[in-house]
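Per chain, numbering begins at 1; letters A, B, ... match sequence-line order.
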2 protein chains.
Amino acid sequence: MPSSRPLRADAQRNRDALLAAARDAFLAGEADAHVEDIARRAGVAVGTLYRHFETREALVEEVYRQEVAELCAAPSALLEQHAPDEALRQFLLLLVEHAAIGKGMAAALASIMATDSPVFVDARAQMAACLDRLLAAGSGAGTIRADVDGKTLLRAMGGVCNLRAAEGWREDATRITALLFDGLRCRADITRD
Amino acid sequence: MPSSRPLRADAQRNRDALLAAARDAFLAGEADAHVEDIARRAGVAVGTLYRHFETREALVEEVYRQEVAELCAAPSALLEQHAPDEALRQFLLLLVEHAAIGKGMAAALASIMATDSPVFVDARAQMAACLDRLLAAGSGAGTIRADVDGKTLLRAMGGVCNLRAAEGWREDATRITALLFDGLRCRADITRD
DNA sequence: GAACTATACTGAACCCGGTTCACCTTAAGG
DNA sequence: CCTTAAGGTGAACCGGGTTCAGTATAGTTC
């Protein structure tokens with residue numbers, strides 16, 4: 001409960017250092033970085049890590065939460081600069097990018113996703129809301145079909161973002177996104193039930 | 001190296017029991033079942049488990065390998081009974097089913113997928129081959145576009161199969177599969193680069 | 001600016017769960 | 001039967017996340 005009382009100066013510094021250290025480790029592909037390592041990187045002892053985060057997983061969650069928040073800030077700008085369908089396409093690609101950044105985190109997150117922790121549920125909700133906004137704009141403009149919601153699309157994208165294998169995964173992701181986008185486009189020759 | 005010498009009768013029995021116990025545990029959603037539990041279920045001691053499987057992960061891998069083998073037997077029958085595009089659609093849905101069965105295994109597999117272990121690489125190759133076959137049949141018949149390969153499609157499906165959340169995940173999966181399928185269909189109004 | 005105390009930090013010890021291995025059991029051939 | 005190599009057992013080990021009693025310090029009060 002951060003509302004209780006502002007953190008002491010050193011505590012805040014350490015907390016930030018821990019988050020930064022963890023992010024660095026994950027981005028470097030060290031998804032399984034040991035708590036001791038993360039603590040060392042941050043220049044503190046393990047105990048300090050546990051003062052700020054209930055558990056190792058909680059730390060991962062917090063890093064993830066920040067990452068998601070950053071991503072979810074994008075749609076506003078996109079909708080101002082592009083037509084709705086293009087904005088949607090761009091955001092889908094951003095999701096891919098986001099996955100690239102979190103490549104190392106994917107493994108770290110596996111347990112969280114599996115556990116269906118509230119953090120992940122939240123994140124999904126946020127991202128789905130972003131997509132809903134973009135989809136609504138597109139279907140309003142008549143360029144995107146109206147029978148798909150953000151939740152569904154997010155799940156589809158979730159897969160695309162799960163590519164871990166090396167060698168051209170980015171091209172693959174882009175191609176798949178294009179494929180999905182083809183399915184999303186509004187066309188007269190397809191009749192929905 | 002199973003080619004060396006046939007297993008002793010009791011050894012074979014125990015090995016089978018272990019695989020069955022592990023499969024049961026995973027299917028029951030006990031993705032994190034402890035080795036001791038699995039061993040107990042199989043009516044043996046942990047040491048026996050380790051006599052048959054290098055490591056816990058190796059056991060998971062073996063269960064998965066069997067699962068994949070079973071799935072990859074499907075295309076032949078499908079192609080005999082349906083038109084190529086319908087066969088493809090059916091197989092995509094089978095993939096979803098496969099994921100449903102392995103719901104519990106997904107978590108167990110997370111590390112394997114992340115580690116890019118040869119088992120998973122193999123499995124991907126097998127499944128991609130299945131899809132290639134179906135895609136080829138479809139594009140031969142002129143009903144499926146020819147610019148998507150099995151590897152790409154598998155990755156797209158991989159995401160669909162990663163749905164863990166409760167509540168209507170199956171409907172979601174089906175809808176997404178339909179979406180992808182729309183993207184895959186051969187139509188005059190789309191020109192590829 | 002010294003004393004005070006709530007807050008924060010430290011790291012050795014703890015615990016859990018996968019893994020090992022020295023010792024015991026038994027299937028299968030003679 | 002007897003032999004023996006294959007197989008089974010489970011207590012002990014070990015790595016890594018987690019705890020907590022002891023220690024340090026930011027911020028406040030006089």
Open item on the list: Check this for me, if you would: do B/R40 and B/D37 make a salt bridge, where the nitrogen-to-carboxylate-oxygen distance has to be below 4.0 angstrom?
Closed with: yes
Task: Integer-rounded Å distance: C/dT7 P and A/N14 CG - done: 17 Å
Open item on the list: With no hydrogens and no angle check, just 3.5 Å: does a side-chain donor-acceptor pair link B/R133 and B/S76?
Closed with: yes
TODO: Using atom types as modelled and distance alone, determine if a side-chain donor or acceptor of B/D85 lies under 3.5 Å from a backbone N or O of B/G138.
DONE: no
- [ ] Determine: side-chain N/O of B/T48 to OP1/OP2 of D/dG7, distance under 4.0 Å, yes or no.
- [x] no
TODO: Sequence neighbours left out, what passes side chain to side chain donor-acceptor pair (under 3.5 Å) with B/Q126? Give chain and number order.
DONE: none
Open item on the list: Any heavy-atom pair between the side chains of A/L88 and A/L78 that's under 4.5 Å?
Closed with: no
Task: B/H52 vs D/dG8: side-chain N/O to OP1/OP2 distance below 4.0 Å - done: yes
Task: Nucleotide D/dA6, atom C1' - distance to CZ of B/R13 in whole Å - done: 14 Å
Task: Atom-to-atom span, CG of A/L7 to C1' of D/dG27 - whole angstrom - done: 14 Å
TODO: For residues A/E61 and A/F53, determine if any side-chain heavy atom of one lies less than 4.5 Å from a side-chain heavy atom of the other.
DONE: no
Task: Pairwise side-chain contact, A/Q66 with A/R23, heavy-atom cut-off 4.5 Å (strictly under) - done: yes
- [ ] Specify the separation, in whole Å, of atom CG of B/L49 and atom C1' of D/dG10.
- [x] 13 Å
Open item on the list: Holding to side-chain contact (heavy atoms from CB on, under 4.5 Å), I want the full list of residues that pass it with A/R89, two or more places apart in sequence or in another chain.
Closed with: A/E86, A/L93, A/F181
Task: Interface with DNA chain C, restricted to residues 37-44 of chain A and to heavy atoms under 4.0 Å - done: A/V44
Open item on the list: Quick check for you: among C/dT10, D/dG7, D/dG10, whose closest atom lies nearest to any side-chain atom of A/A45?
Closed with: C/dT10
Task: Heavy-atom side-chain contact between B/E67 and B/E62 under 4.5 Å - done: no
- [ ] Applying side chain to side chain donor-acceptor pair (under 3.5 Å), name anything that partners B/T55, two or more places apart in sequence or on another chain.
- [x] none
TODO: Take atom CZ of B/R15 and atom C1' of C/dA27, then tell me their distance rounded to the nearest Å.
DONE: 19 Å
Open item on the list: Counting C-beta onward and ignoring hydrogens, is there a side-chain heavy-atom pair between A/R145 and A/S139 closer than 4.5 Å?
Closed with: no
Task: Any A/H34 side-chain N or O less than 4.0 Å from OP1/OP2 of D/dG15 - done: no
Open item on the list: With each end axis built from five pairs of C1' atoms, what bend angle do you get for the helix from C/dG1-D/dC30 to C/dG30-D/dC1? Round to 10°.
Closed with: 10°
Open item on the list: So if I define the base as every atom that isn't primed, P, OP1 or OP2, how would nucleotides 19-26 of chain C read as a B/S/- string at a heavy-atom cutoff under 4.0 Å?
Closed with: BB-----B
